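Worksheet: the structure to be examined is printed underneath.
On a predicted model such as this, the values are computed, not experimentally measured, just so you know.
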Amino acid sequence: MPSPSPQSPPLLPYSKEEKSPSKKPRPYYSYPTHPNLHASGRRLRLALSVLCLIIGVSGVSFFAYAVFHPRTVPVFRCGRAEDTLRTFLGGADLHRDRLTDRPKLLGFVGIQTGFGSADRRASLRGTWFPPDIDALVSLEQATGLAFRFVIGRTKDANKMAALQKEEEKHHDFMYIDIEEEYLNLPHKTLAFFKAAYDLFEADFYVKADDDIYLRPDRLATLLAKERSHSRTYIGCMKKGPVITDPNMKWHEKSGHLIGNEYFLHAYGPIYALSAEVVAALAAVRNNSLRMFSNEDVTVGSWMLAMDVNHEDNRAICDPRCTPTSIAVWDIPRCSGLCNPASRLKELHKIPMCSKSPTLPPDDR
């Protein structure tokens, strides 16, 4: 309802009538009184006075508490998982009313990182990853994509203290409830998807590593495409021989369950799962899914168990920057960029990588 203009007369619950001199005042009816009535009336007035005093004191106390007591800052968590950006913004009155428990997005992009990767994160913030809070929020508004560094926990107090210091400066992490360890990547990936699904309502959930050069604008264009299949698995798909030699890097301990060749699955540096797929993963018990030695193979095996559409896209595993590349990394030499901290800066200086249009001229 619109409020009255300053020129409007005040709105009253009643109207005043001018007293007419021609009308005689109506006499009050005088009831007979009794001495006991006077005593009970005094007691009633005394009780009402005490009640009003209690209400008044309570009101003043509540006002003082509301003004001077520090307000609790909302923490956006799922179990021990936490979105540090929204927790920080929740402490600022400017943003408090605009935050929701599960914001709607086109995509949530979790950049998987570790305690020993501070140099990579610094290089990312100096290139394609938003360097501060304002840039994070602006990129989310422009593309519909939210970006966070995803990391677990550790019992090493010094590592946690260093991470806490970095987080307090940038507020761009999502903590997940798992012990951070390289050999634990399949478990970390499942924990990431579960936490991301509970904290964000996205059409797609993207797992990416901290050693790739990414074009967020082109990734948003890819995810926004119309698709007939609601369960979609987007990645740079591959097959290959199962490595059973325990002395080799990609040794698969459960290779006897697979055979001689891996099934179709996406390379690990970046892939995306649609919301319906992640919802199914979020609903399962942690110990009910098979975990293989390699994270990308593990996720690929889960996709075989679901009726998903495998969408192969070579633009997210491009070895060089092109007018259509979405993610660039040194395939097949490295499972990401070789020497990523320096390579990220080198690629960012190339106009084709950082300044080329979102779409090539022929597709506009």
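- Within a 6.0 Å sphere centred on CZ of Arg290, other residues, nucleotides and ligands contribute 12 heavy atoms or fewer.
- Atom CG of Asn287 is surrounded by more than 12 heavy atoms from other residues, nucleotides or ligands within 6.0 Å.
- Under the 3.5 Å distance criterion, the side-chain polar atoms of Asp312 are matched with a main-chain donor or acceptor of Met237.
- Using modelled atom types and a 3.5 Å distance limit, the side chains of Arg218 and Ser356 yield a donor-acceptor pair.
- Among pairs with a residue in residues 296-306, those fulfilling side-chain hydrogen bond (donor to acceptor under 3.5 Å, both in side chains) read Lys238-Asp296, at least two apart in sequence or across chains.
- The heavy-atom pair separating Tyr262 from Ile243 by the smallest distance is OH-N, 4.3 Å.
- No donor-acceptor distance shorter than 3.5 angstrom exists from the side chain of Lys155 to the backbone of Glu179, with no hydrogens or angles considered.
- The existence of a salt bridge linking Glu166 and Lys169 is excluded, since no basic side-chain nitrogen approaches an acidic carboxylate oxygen closer than 4.0 Å.
- Atom CZ of Arg320 sits in a sparse spot, with 12 or fewer heavy atoms from other residues, nucleotides or ligands closer than 6.0 Å.
- Sorted by first and then second residue, the pairs that involve residues 132-148 and meet salt bridge (Lys or Arg N to Asp or Glu O under 4.0 Å), not counting sequence neighbours, are Asp83-Arg148.
- The main-chain N or O of Ser293 is found under 3.5 Å from a side-chain atom of Glu252 such that the two form a donor-acceptor pair.
- A 4.5 Å side-chain heavy-atom check between Leu273 and Met306 finds every atom pair outside the cut-off.
- Glu261 places no side-chain N or O within 3.5 Å of a backbone atom of Gly259 that could act as its donor or acceptor partner.
- Using a 4.0 Å cut-off between a side-chain N of Lys or Arg and a carboxylate O of Asp or Glu, Lys159 and Glu180 do not qualify as a salt bridge.
- Nearest approach of Leu124 to Ile212, heavy atoms of both residues: CD2-O, 3.9 Å.
- In this structure, Arg86 is positioned above the aromatic face of Phe200, its NZ or CZ under 6.0 Å from the six-membered ring centre and within 45° of the axis.
- In this structure, Tyr271 contributes its side chain and His265 its backbone to no donor-acceptor pair below 3.5 Å.
- Side-chain contact check for Asp217 and Thr358: at least one donor-acceptor pair (N or O, by modelled atom type) lies under 3.5 Å.
- Minimum heavy-atom separation, Gly235 to Ile316: CA-CD1, 3.5 Å.
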